[in-house]
Amino acid sequence: MPELPEVETVARGLQREIAGQKILSVALGKTDFIDNPEALERELPGRTVVRVERYGKFLLLRLSEREDGQPGEGETALLVHLGMTGSLTPKVVREPQIKHTHVVMLLGDGRELRYADPRRFGRLAYLSGDSLSGELRRFGLDPLEMSLAEFAEKIHGRNARIKALLLDQSILRGVGNIYADESLWKAKIHPAQLGGRLKADRVKALYVALQAILQKAILLRGSSISDFLDAEGFPGEYQQHHRAYGREGKPCFRCRTPIRRVIVAGRSSHYCPNCQRAPRQRKKLRKRVKQRRNVKR
DNA sequence: CTCGATCCCTGGACGC
DNA sequence: TGCGTCCAGGGATCGA
(Lines give C-alpha, C1' and ligand atoms only; values in the text may rest on other atoms or scores of the structure.)
Protein backbone atom coordinates (compact mmCIF):
# COMPACT_ATOMS: atom_id res chain seq x y z
CA MET A 1 0.00 0.00 0.00
CA PRO A 2 1.68 3.12 -1.14
CA GLU A 3 2.14 5.67 1.60
CA LEU A 4 4.48 8.63 1.72
CA PRO A 5 7.79 6.76 1.26
CA GLU A 6 6.45 4.60 -1.54
CA VAL A 7 4.88 7.55 -3.35
CA GLU A 8 8.08 9.55 -2.89
CA THR A 9 10.01 6.67 -4.43
CA VAL A 10 7.69 6.50 -7.40
CA ALA A 11 7.72 10.28 -7.82
CA ARG A 12 11.52 10.34 -7.93
CA GLY A 13 11.60 7.54 -10.44
CA LEU A 14 9.02 9.19 -12.66
CA GLN A 15 10.76 12.53 -12.40
CA ARG A 16 13.89 10.89 -13.73
CA GLU A 17 12.10 8.84 -16.36
CA ILE A 18 9.43 11.02 -17.85
CA ALA A 19 9.99 14.66 -16.90
CA GLY A 20 10.10 16.65 -20.12
CA GLN A 21 8.04 14.13 -22.06
CA LYS A 22 5.06 15.29 -24.01
CA ILE A 23 1.83 13.33 -23.76
CA LEU A 24 0.68 12.56 -27.28
CA SER A 25 -2.50 10.63 -26.63
CA VAL A 26 -4.58 9.04 -23.90
CA ALA A 27 -6.44 5.74 -23.99
CA LEU A 28 -8.81 4.82 -21.18
CA GLY A 29 -10.16 1.50 -19.97
CA LYS A 30 -12.38 1.45 -16.91
CA THR A 31 -12.91 4.97 -15.69
CA ASP A 32 -14.96 4.70 -12.49
CA PHE A 33 -11.97 5.85 -10.43
CA ILE A 34 -11.24 8.89 -12.60
CA ASP A 35 -12.75 12.22 -11.57
CA ASN A 36 -13.60 13.39 -15.04
CA PRO A 37 -12.43 11.00 -17.75
CA GLU A 38 -13.39 13.33 -20.59
CA ALA A 39 -11.14 16.03 -19.14
CA LEU A 40 -8.19 13.65 -19.27
CA GLU A 41 -8.84 12.76 -22.87
CA ARG A 42 -9.36 16.39 -23.82
CA GLU A 43 -6.66 18.12 -21.80
CA LEU A 44 -3.66 15.80 -21.56
CA PRO A 45 -2.69 15.39 -25.21
CA GLY A 46 -0.29 18.13 -26.22
CA ARG A 47 0.93 18.87 -22.71
CA THR A 48 4.38 18.13 -21.37
CA VAL A 49 5.02 16.62 -17.96
CA VAL A 50 7.14 19.41 -16.58
CA ARG A 51 7.99 17.62 -13.35
CA VAL A 52 6.71 14.96 -10.98
CA GLU A 53 6.20 15.70 -7.31
CA ARG A 54 4.78 13.93 -4.31
CA TYR A 55 1.94 15.59 -2.44
CA GLY A 56 0.93 13.49 0.53
CA LYS A 57 0.02 10.15 -1.00
CA PHE A 58 -0.60 11.76 -4.37
CA LEU A 59 1.67 11.90 -7.34
CA LEU A 60 1.44 15.32 -8.87
CA LEU A 61 2.37 15.48 -12.52
CA ARG A 62 2.84 19.16 -13.23
CA LEU A 63 1.86 19.91 -16.79
CA SER A 64 2.73 22.59 -19.29
CA GLU A 65 0.25 24.72 -21.14
CA ARG A 66 -1.04 23.15 -24.28
CA GLU A 67 0.44 24.72 -27.37
CA ASP A 68 -3.01 25.51 -28.67
CA GLY A 69 -4.43 26.16 -25.25
CA GLN A 70 -6.03 29.35 -24.06
CA PRO A 71 -3.84 31.34 -21.71
CA GLY A 72 -4.82 32.04 -18.15
CA GLU A 73 -6.02 28.68 -16.96
CA GLY A 74 -3.25 28.74 -14.36
CA GLU A 75 -1.31 25.77 -13.08
CA THR A 76 -2.37 22.40 -14.40
CA ALA A 77 -1.61 18.97 -13.08
CA LEU A 78 -2.57 15.35 -13.20
CA LEU A 79 -3.21 14.04 -9.68
CA VAL A 80 -2.65 10.34 -9.21
CA HIS A 81 -3.50 8.44 -6.04
CA LEU A 82 -2.32 4.86 -6.11
CA GLY A 83 -4.89 3.67 -3.59
CA MET A 84 -3.97 0.19 -2.45
CA THR A 85 -2.83 -1.44 -5.64
CA GLY A 86 -2.21 1.28 -8.19
CA SER A 87 0.95 1.58 -10.27
CA LEU A 88 2.11 4.24 -12.68
CA THR A 89 5.01 3.16 -14.83
CA PRO A 90 6.57 4.01 -18.18
CA LYS A 91 6.85 1.02 -20.48
CA VAL A 92 8.00 0.43 -24.00
CA VAL A 93 5.08 -0.18 -26.30
CA ARG A 94 5.99 -3.77 -27.13
CA GLU A 95 5.86 -4.78 -23.48
CA PRO A 96 2.55 -6.51 -22.82
CA GLN A 97 0.11 -4.64 -20.62
CA ILE A 98 -0.36 -6.09 -17.19
CA LYS A 99 -3.88 -6.99 -16.13
CA HIS A 100 -6.06 -4.10 -14.98
CA THR A 101 -4.25 -1.47 -17.00
CA HIS A 102 -6.83 1.30 -17.29
CA VAL A 103 -4.96 4.33 -18.53
CA VAL A 104 -2.29 4.44 -21.23
CA MET A 105 -0.60 7.71 -22.15
CA LEU A 106 1.61 7.68 -25.21
CA LEU A 107 4.73 9.77 -24.65
CA GLY A 108 6.84 11.74 -27.06
CA ASP A 109 9.77 9.32 -26.78
CA GLY A 110 7.56 6.45 -27.90
CA ARG A 111 7.04 4.88 -24.51
CA GLU A 112 3.72 4.60 -22.71
CA LEU A 113 2.96 5.81 -19.22
CA ARG A 114 0.58 3.17 -17.89
CA TYR A 115 -1.70 3.23 -14.90
CA ALA A 116 -2.82 -0.16 -13.63
CA ASP A 117 -4.93 -0.78 -10.54
CA PRO A 118 -6.63 -4.13 -9.85
CA ARG A 119 -8.85 -2.88 -7.04
CA ARG A 120 -9.37 0.59 -8.45
CA PHE A 121 -9.08 2.23 -5.04
CA GLY A 122 -6.85 4.77 -6.69
CA ARG A 123 -7.87 8.08 -8.17
CA LEU A 124 -6.94 10.15 -11.17
CA ALA A 125 -7.89 13.75 -11.71
CA TYR A 126 -6.90 16.42 -14.16
CA LEU A 127 -7.08 19.73 -12.33
CA SER A 128 -6.15 23.30 -13.07
CA GLY A 129 -6.22 26.74 -11.53
CA ASP A 130 -8.51 27.18 -8.55
CA SER A 131 -9.78 23.61 -8.58
CA LEU A 132 -6.18 22.41 -8.31
CA SER A 133 -5.19 24.75 -5.50
CA GLY A 134 -8.48 24.09 -3.76
CA GLU A 135 -7.92 20.36 -3.91
CA LEU A 136 -4.41 20.66 -2.52
CA ARG A 137 -5.62 22.85 0.34
CA ARG A 138 -7.77 20.02 1.65
CA PHE A 139 -4.68 18.31 2.96
CA GLY A 140 -2.62 18.98 6.05
CA LEU A 141 1.07 19.24 6.83
CA ASP A 142 3.80 17.38 5.02
CA PRO A 143 5.28 15.20 7.78
CA LEU A 144 8.82 15.80 6.55
CA GLU A 145 8.49 19.55 6.25
CA MET A 146 6.46 20.42 9.32
CA SER A 147 8.06 21.81 12.45
CA LEU A 148 7.56 20.29 15.87
CA ALA A 149 5.48 23.30 16.85
CA GLU A 150 3.18 22.87 13.85
CA PHE A 151 2.74 19.18 14.60
CA ALA A 152 2.06 19.82 18.27
CA GLU A 153 -0.54 22.41 17.41
CA LYS A 154 -2.43 19.96 15.22
CA ILE A 155 -2.52 17.38 18.00
CA HIS A 156 -3.26 19.82 20.76
CA GLY A 157 -6.76 19.70 22.12
CA ARG A 158 -7.86 16.87 19.88
CA ASN A 159 -10.04 14.29 21.51
CA ALA A 160 -9.49 11.66 18.85
CA ARG A 161 -7.15 8.73 19.15
CA ILE A 162 -3.63 9.45 18.08
CA LYS A 163 -3.80 6.71 15.47
CA ALA A 164 -6.82 8.36 13.88
CA LEU A 165 -5.07 11.73 13.91
CA LEU A 166 -1.97 10.33 12.23
CA LEU A 167 -4.09 8.78 9.49
CA ASP A 168 -6.21 11.88 8.95
CA GLN A 169 -4.95 13.37 5.70
CA SER A 170 -6.34 16.78 6.55
CA ILE A 171 -3.97 16.88 9.52
CA LEU A 172 -0.91 15.20 8.03
CA ARG A 173 -0.61 14.30 4.39
CA GLY A 174 1.01 11.02 3.53
CA VAL A 175 0.94 8.84 6.64
CA GLY A 176 -0.88 5.53 6.30
CA ASN A 177 -1.36 2.47 8.42
CA ILE A 178 2.16 1.06 8.23
CA TYR A 179 4.05 4.19 9.16
CA ALA A 180 1.51 5.20 11.78
CA ASP A 181 2.02 1.90 13.59
CA GLU A 182 5.78 2.00 13.17
CA SER A 183 6.02 5.55 14.51
CA LEU A 184 3.82 4.84 17.49
CA TRP A 185 5.89 1.78 18.32
CA LYS A 186 9.10 3.74 18.14
CA ALA A 187 7.69 6.55 20.27
CA LYS A 188 6.16 4.03 22.71
CA ILE A 189 2.67 5.44 22.36
CA HIS A 190 -0.46 3.29 22.37
CA PRO A 191 -2.51 3.83 19.20
CA ALA A 192 -5.71 4.41 21.18
CA GLN A 193 -4.19 7.17 23.27
CA LEU A 194 -6.07 10.41 22.83
CA GLY A 195 -4.05 12.97 20.92
CA GLY A 196 -4.83 15.83 23.25
CA ARG A 197 -3.71 13.89 26.28
CA LEU A 198 -0.17 13.30 25.06
CA LYS A 199 2.45 15.13 27.07
CA ALA A 200 4.79 17.45 25.23
CA ASP A 201 7.68 15.01 25.43
CA ARG A 202 5.54 12.25 23.92
CA VAL A 203 4.47 14.51 21.08
CA LYS A 204 8.09 15.33 20.45
CA ALA A 205 9.06 11.66 20.54
CA LEU A 206 6.35 10.91 18.02
CA TYR A 207 7.45 13.75 15.78
CA VAL A 208 11.05 12.57 15.85
CA ALA A 209 10.08 8.93 15.32
CA LEU A 210 7.76 9.74 12.43
CA GLN A 211 10.35 11.74 10.55
CA ALA A 212 13.16 9.27 11.20
CA ILE A 213 11.06 6.34 10.02
CA LEU A 214 9.77 8.08 6.92
CA GLN A 215 13.26 9.18 5.96
CA LYS A 216 14.75 5.75 6.43
CA ALA A 217 11.87 4.20 4.50
CA ILE A 218 12.47 6.59 1.61
CA LEU A 219 16.13 5.66 1.65
CA LEU A 220 15.11 2.00 1.34
CA ARG A 221 12.62 2.81 -1.40
CA GLY A 222 9.55 2.07 0.69
CA SER A 223 7.88 -1.09 1.95
CA SER A 224 6.84 -3.76 -0.51
CA ILE A 225 4.12 -5.71 1.21
CA SER A 226 1.23 -5.92 -1.20
CA ASP A 227 3.36 -6.22 -4.32
CA PHE A 228 4.39 -2.58 -4.36
CA LEU A 229 6.98 -1.83 -7.02
CA ASP A 230 8.60 1.48 -7.79
CA ALA A 231 8.57 3.22 -11.15
CA GLU A 232 11.38 0.98 -12.39
CA GLY A 233 9.67 -2.15 -11.17
CA PHE A 234 11.84 -2.80 -8.13
CA PRO A 235 10.50 -3.66 -4.67
CA GLY A 236 11.36 -1.61 -1.60
CA GLU A 237 13.28 -2.90 1.38
CA TYR A 238 11.73 -1.19 4.37
CA GLN A 239 9.37 -4.08 5.13
CA GLN A 240 12.41 -5.86 6.55
CA HIS A 241 12.66 -3.12 9.15
CA HIS A 242 9.08 -3.19 10.37
CA ARG A 243 8.90 -3.42 14.14
CA ALA A 244 5.13 -3.53 14.67
CA TYR A 245 3.20 -3.61 11.42
CA GLY A 246 2.41 -7.15 10.32
CA ARG A 247 4.17 -8.66 13.34
CA GLU A 248 1.18 -9.85 15.36
CA GLY A 249 2.25 -12.54 17.82
CA LYS A 250 5.94 -11.99 17.15
CA PRO A 251 8.22 -10.71 19.92
CA CYS A 252 8.68 -6.99 20.39
CA PHE A 253 12.16 -5.94 19.31
CA ARG A 254 12.60 -4.10 22.61
CA CYS A 255 11.08 -6.37 25.24
CA ARG A 256 10.10 -9.64 23.52
CA THR A 257 6.45 -9.25 24.49
CA PRO A 258 4.27 -10.54 21.64
CA ILE A 259 3.01 -7.78 19.37
CA ARG A 260 -0.75 -7.41 19.52
CA ARG A 261 -3.19 -6.38 16.84
CA VAL A 262 -6.39 -4.48 17.56
CA ILE A 263 -8.74 -2.31 15.55
CA VAL A 264 -8.30 1.39 16.24
CA ALA A 265 -9.90 4.07 14.14
CA GLY A 266 -11.27 1.30 11.96
CA ARG A 267 -7.79 0.11 11.01
CA SER A 268 -5.80 -2.83 12.24
CA SER A 269 -3.19 -1.52 14.62
CA HIS A 270 -0.08 -3.34 15.74
CA TYR A 271 1.57 -2.45 19.02
CA CYS A 272 3.53 -3.81 21.95
CA PRO A 273 1.21 -4.06 24.98
CA ASN A 274 4.20 -3.68 27.29
CA CYS A 275 6.05 -0.78 25.69
CA GLN A 276 2.97 1.10 24.51
CA ARG A 277 0.70 1.40 27.47
CA ALA A 278 -3.04 1.54 26.97
CA PRO A 279 -4.95 4.67 27.92
CA ARG A 280 -7.52 4.44 30.66
CA GLN A 281 -11.16 3.91 29.85
CA ARG A 282 -12.68 6.16 27.23
CA LYS A 283 -15.75 6.91 29.32
CA LYS A 284 -13.78 8.31 32.20
CA LEU A 285 -11.70 10.34 29.82
CA ARG A 286 -14.77 11.75 28.14
CA LYS A 287 -15.95 13.22 31.43
CA ARG A 288 -12.49 14.34 32.41
CA VAL A 289 -11.81 16.15 29.17
CA LYS A 290 -15.02 18.05 29.52
CA GLN A 291 -13.55 21.53 29.45
CA ARG A 292 -13.74 23.03 26.02
CA ARG A 293 -10.78 23.85 23.95
CA ASN A 294 -10.97 27.30 22.54
CA VAL A 295 -11.05 27.71 18.83
CA LYS A 296 -8.35 30.05 17.86
CA ARG A 297 -8.06 32.15 14.75
C1' DC B 1 -15.93 16.81 16.79
C1' DT B 2 -15.60 11.92 16.80
C1' DC B 3 -17.16 7.52 16.18
C1' DG B 4 -18.58 3.25 13.78
C1' DA B 5 -20.71 1.26 9.79
C1' DT B 6 -20.89 0.74 4.89
C1' DC B 7 -19.34 0.80 0.35
C1' DC B 8 -16.00 0.57 -3.32
C1' DC B 9 -12.85 -3.64 -5.49
C1' DT B 10 -9.92 -7.88 -6.44
C1' DG B 11 -6.68 -11.27 -5.14
C1' DG B 12 -4.81 -14.11 -1.79
C1' DA B 13 -5.40 -17.10 2.24
C1' DC B 14 -7.89 -20.56 4.19
C1' DG B 15 -11.23 -24.39 4.95
C1' DC B 16 -13.50 -28.28 3.20
C1' DT C 1 -8.69 -29.30 -8.06
C1' DG C 2 -12.17 -26.35 -7.11
C1' DC C 3 -15.20 -24.04 -4.77
C1' DG C 4 -17.02 -20.63 -1.16
C1' DT C 5 -15.92 -17.34 2.42
C1' DC C 6 -13.33 -13.99 4.67
C1' DC C 7 -10.19 -10.36 4.84
C1' DA C 8 -7.12 -6.47 3.60
C1' DG C 9 -7.35 -1.41 3.36
C1' DG C 10 -7.55 4.45 1.76
C1' DG C 11 -11.04 7.24 1.42
C1' DA C 12 -15.79 9.03 0.94
C1' DT C 13 -20.07 9.34 3.08
C1' DC C 14 -23.71 8.99 6.39
C1' DG C 15 -26.00 8.73 10.72
C1' DA C 16 -25.52 8.63 15.74
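Below, chain A is the first sequence line, B the second, and so on; all start at residue 1.
- At a threshold of 4.0 Å, the pair A:E8-A:R12 counts as salt-bridged, since one of the basic side-chain nitrogens sits closer than that to a carboxylate oxygen.
- At the heavy-atom level, A:R261 lies under 4.0 Å from the strands shown only through sugar-phosphate atoms.
- Using a 4.0 Å cut-off, some side-chain N or O of A:R120 falls inside it from OP1 or OP2 of B:dT10.
- The number of heavy atoms from other shown groups lying within 6.0 Å of CZ (A:R277) does not exceed 12.
- Counting non-hydrogen atoms under 4.0 angstrom, A:D117 reaches nothing in the nucleic acid.
- Ring centroid separation for the pair A:H81 and A:F58 comes in under the 6.0 Å cut-off.
- Between A:K99 and B:dT10 there is no side-chain N or O to OP1 or OP2 distance below 4.0 Å.
- When rounded to the nearest whole Å, the span between NZ of A:K154 and P of B:dT2 equals 12 Å.
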List every contact pair, protein side and nucleotides 4-6 of chain B side both N or O, where the distance is under 3.5 Å.
| residue | atom | partner | partner atom | Å |
| --- | --- | --- | --- | --- |
| B:dG4 | OP1 | A:R161 | NH1 | 3.3 |

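- Taking five base pairs at each end of the helix from B:dT2-C:dA16 to B:dC16-C:dG2, the local helix axes there meet at an angle of 40°, rounded to 10°.
- Across the protein-nucleic acid pair, A:N159 atom CG and B:dC3 atom C1' stand 11 Å apart, rounded to whole Å.
- For C:dG9, the OP1/OP2 oxygens have a side-chain nitrogen or oxygen of A:S268 closer than 4.0 Å.
- At whole-Å resolution of the value, NZ in A:K163 and P in B:dC3 are 13 Å apart.
- Look at A:Y245 and you won't find any side-chain N or O under 4.0 angstrom from OP1 or OP2 of C:dA8.
- Under a cutoff of 6.0 Å and an axis angle of 45°, A:R243 and A:F253 form a cation-pi pair.
- Salt bridge A:E17/A:R111: present, at least one basic N to carboxylate O contact under 4.0 Å.
- When all heavy atoms of A:S64 and A:R47 are compared, the pair lying nearest together is O-NH1, 2.9 Å.
- Between A:Y179 and A:H242, the ring-plane angle classifies as perpendicular under the 30° and 60° cut-offs.
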query = Reading nucleotides 10-16 of chain C 5' to 3', which nucleotides get B (base under 4.0 Å from a protein heavy atom), which S (sugar-phosphate only), which -?
reply = BBS----
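- Contact annotation: A:R119 does not reach the phosphate of C:dG9 (side-chain N/O to OP1 or OP2, under 4.0 Å).
- The phosphate of B:dG11 has OP1 or OP2 within less than 4.0 Å of a side-chain N or O from A:H100.
- In summary, A:D142 and A:R54 engage in a salt bridge, as defined by a charged side-chain N under 4.0 Å from a carboxylate O.
- Shown here is A:R202, whose CZ atom has more than 12 heavy atoms of other residues, nucleotides or ligands within 6.0 Å.
- When the shell of 6.0 Å around CG of A:D109 is examined, it contains more than 12 heavy atoms from other residues, nucleotides or ligands.
- Proximity of A:I18 to A:L61: side-chain heavy atoms (C-beta onward) are separated by under 4.5 Å at one or more points.
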